[in-house]
Amino acid sequence: MKYDIIVIGSGPGGYISAIRASQLGKKVAIIEKYSTLGGTCLNVGCIPSKALLDSSHHFYDATHHFEEHGITVEKPSFDFSKMIERKANVVETTTGGIKYLMDKNNIDVYEGLGSFEDATHVKVSKNDGSSEVIEGTNIIIATGSKPSTLPFIEIDKERIITSTEALKLKEVPKHLLVIGGGVIGLELGSVYKRLGAEVTVIEYAPKITPTMDADVSKELQKVLKKQGMKFNVSHGVTAVERNGDEIVVKANNKKGEEVTFTGDYCLVSVGRKAYTEGLGLDKVGVKVNERGQVEVNDHLQTNVSNIYAIGDVVKGAMLAHKAEEEGVVVAEYLAGQKPHIDYNLIPGIVYTWPEVAAVGKTEQELKDANVAYKAGKFSMRALGRSRASGDIDGFVKVLADKNTDEVLGVHMVGARVADLIMEAAVAMEYRASAEDLARICHGHPTYSEAVKEAAKAAWDGKPLNA
């Protein structure tokens, strides 16, 4: 079979790229080595983790907040196996939807491991031992990433686990040790904390969510600590040992002293790495960098002119929505269009509660770049909507150019900020000023009023409700 475009990998980047290419008149095939489409995000990442986050959030509200709303229930309990079953059903429905989209858009799906024979031919090795070769004028690598570990840690997938195993445990841990205070560790730590586990986070950097704005990290740690999570920042893990059902983690604190943590499960969430195993990149001479990522130019084109790469397998933030945008960009570029992507405007989100969201530059980045800026901050506690719902933790911070007033970055902690951040992204896409944001009439009472107030604080230093 000969195709205009072959996509290797069916995650958010791959399947969206295939759909867009088909919409633009291309004959497209997609190769997926697993029996379900959707990649990490839909199967063992974004979607199942959000399902468990929502289930555990309902239980936490029932045990901690119903009474203050005048709702009386008998002591709430939960069926963990049913939570896992619900999560599996959400995943099944979502991945089934991708299969429907492939059929709707006349995209041929090949199940098996895709590997390069040469620059235009891909071998599909199927699970039954058979194989076939298909031809593509252009080929898009969208093979995503896998969880990283530390060289001295042996992941046994039973007690010493990655996010994949953490999403399908048979029991709630008594004491979950989390190595890594980034997005994955905090989200899954939140799930099990809400369900009664003791959760201890061990982070090498001096703050959790190390790449986010310092104010955001500080606020999030404060709130999660109030919920019962324990944090040990500036701790470098040196060993992880299993003794039966007991896990011992050894680390050096910032003074260089060895400290020991003991639990029954250990989640290793120290990031992810590009996944190119079995692709046969060496056969076609596609270059990878020292981190194993496929090297691409501004058009996401590799050094082999008809081969492109997108998503987690290339440099940049490992985010599903980043992969989707890159997939669209490549499809449209191959169709002769002139698409663009602004990497500065890709939002980052943490789905704890309260949620965390950010877009644009952090204060530290602006300082490092010697950009003169001004900051406006507004507390969620001051909003009528927040008080009505009881979600009073967090804030919105707007950073704007000191001379032009252009919005350069927006950082949020609070209820539903995962959705709210897109107001900031749209404003920044059109290079709005803080005054522009402040003068837009926002509905009352809403969480979004915090954006208006923070923008006004950045613009003239005079928020109306603080």
Side-chain angles (χ1 to χ4, degrees), residues 45-91 161 163 166-178 180-201 208-209 216-231 263-265 267 269 349-357 380-381 383 385-395 412-420 447:
C46 326
I47 302 303
S49 64
K50 302 313 162 282
L52 286 181
L53 279 161
D54 275 351
S55 293
S56 61
H57 183 68
H58 289 314
F59 176 71
Y60 187 85
D61 272 354
T63 55
H64 290 79
H65 299 305
F66 275 13
E67 191 173 339
E68 66 191 61
H69 287 278
I71 303 170
T72 303
V73 295
E74 292 183 15
K75 187 177 180 181
S77 61
F78 63 88
D79 183 337
F80 187 58
S81 62
K82 195 163 186 178
M83 284 188 181
I84 296 295
E85 182 185 344
R86 175 185 176 273
K87 176 222 50 166
N89 290 337
V90 170
V91 169
I161 59 177
S163 55
L167 289 165
K168 54 185 180 183
L169 292 179
K170 303 293 185 186
E171 63 179 358
V172 175
K174 295 179 181 67
H175 187 176
L176 176 65
L177 304 175
V178 180
V183 177
I184 296 170
L186 296 179
E187 288 185 357
L188 291 174
S190 289
V191 167
Y192 289 110
K193 180 60 196 168
R194 294 168 186 167
L195 299 179
E198 185 179 346
V199 176
T200 299
V201 177
I208 62 170
T209 57
V216 163
S217 299
K218 184 178 179 181
E219 178 75 3
L220 181 59
Q221 182 171 329
K222 183 184 79 174
V223 173
L224 294 180
K225 188 175 180 180
K226 189 168 65 175
Q227 293 174 11
M229 291 177 69
K230 297 177 182 176
F231 294 94
D264 57 336
Y265 286 88
L267 169 62
S269 54
I349 302 167
V350 188
Y351 293 89
T352 50
W353 196 264
E355 294 173 333
V356 179
M380 289 292 189
R381 186 178 296 271
L383 292 180
R385 180 69 180 90
S386 294
R387 290 194 297 273
S389 68
D391 295 302
I392 58 176
D393 292 315
F395 61 83
M412 307 176 175
V413 180
R416 301 299 172 200
V417 298
D419 302 294
L420 201 56
Y447 298 122

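Since the structure is predicted, the reported quantities are computational estimates derived from the model, not experimental observations.
Here the closest non-hydrogen pair linking L224 and S190 is CD2-OG, 4.1 Å. Considering all non-hydrogen atoms of both residues, I184 and S163 come closest at CG2-CB, 3.7 Å. The minimum heavy-atom distance between P76 and A62, with the atom names listed, is CG-O, 3.8 Å. Between S56 and R194, the closest heavy-atom pair is OG-NH1, 3.1 Å. Between A415 and P354, the closest heavy-atom pair is N-CB, 4.3 Å.
Residues T72 and E67 have side chains not in contact (no heavy-atom distance under 4.5 Å, counting atoms from C-beta outward). Side-chain contact between R387 and R381: absent, with no pair of heavy atoms (C-beta onward) separated by less than 4.5 Å. Side-chain contact between L195 and M83 is present, with heavy atoms from C-beta onward closer than 4.5 Å. Between V417 and I349 there is no side-chain heavy-atom pair separated by less than 4.5 Å. At a threshold of 4.5 Å between non-hydrogen side-chain atoms, the residues K168 and K87 count as touching. Inter-residue side-chain proximity for I71 and V73 is flagged as met; some heavy-atom pair is nearer than 4.5 Å. Proximity of L167 to S49: side-chain heavy atoms (C-beta onward) are separated by under 4.5 Å at one or more points. Using a 4.5 Å heavy-atom cutoff, the side chains of S269 and V178 are in contact.
A side-chain donor-acceptor contact under 3.5 Å links Y447 and S389. Judged purely by distance below 3.5 Å, without hydrogens or angles, the side chains of W353 and D393 never pair a donor atom with an acceptor atom.
One N or O on the side chain of Y192 and one on the backbone of A166 form a donor-acceptor pair closer than 3.5 Å. When atom types are taken as modelled, the side chain of T200 and the backbone of L177 share no donor-acceptor pair closer than 3.5 angstrom. Side-chain atoms of R86 come within 3.5 Å of backbone N or O of A51 as a donor-acceptor pair. At least one donor-acceptor pair under 3.5 Å links the side chain of D264 to the backbone N or O of K174. A donor-acceptor contact shorter than 3.5 Å links the side chain of E355 to the backbone of A418. The closest donor-acceptor contact from the side chain of S217 to the backbone of I208 lies under 3.5 Å. Without hydrogens or angle criteria, E187 side chain to T352 main chain gives no donor-acceptor distance under 3.5 Å.
Taken to the nearest 0.5 Å, the CG atom of L176 stands 6.5 Å off from the CD1 atom of I161. Distance NE2/H69 to CG/D61: 7.0 Å, rounded to 0.5 Å. Atom CZ in R416 sits 9.5 Å away from atom CZ in R385 (nearest 0.5 Å). The distance from atom CE of M412 to atom CE of M380, rounded to the nearest 0.5 Å, is 7.0 Å.
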| query | Yes or no on side-chain contact (heavy atoms from CB on, under 4.5 Å) for Y351 and V356, after CA distance, side-chain angles and deciding distance? | reply | CA-CA 7 Å; Y351 293 89; V356 179; over 6 Å; no
| task | In sequence, state the C-alpha distance, the side-chain angles, and the governing distance for K230 and E198, and then conclude on salt bridge (charged side-chain N to carboxylate O under 4.0 Å, His left out). | result | CA-CA 8 Å; K230 297 177 182 176; E198 185 179 346; 2.9 Å; yes
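Within a 6.0 Å radius of NZ in K50, more than 12 heavy atoms belonging to other residues, nucleotides or ligands are found.
Using a 4.0 Å cut-off between charged nitrogen and carboxylate oxygen, K222 and E219 count as a salt-bridge pair.
Taking the six-membered ring for Trp and thresholds of 30 and 60 degrees, Y60 and H65 have ring planes more than 60 degrees apart, a perpendicular arrangement. Note: F80 and F78 have perpendicular aromatic rings, judged against thresholds of 30 and 60 degrees for the angle between ring planes.
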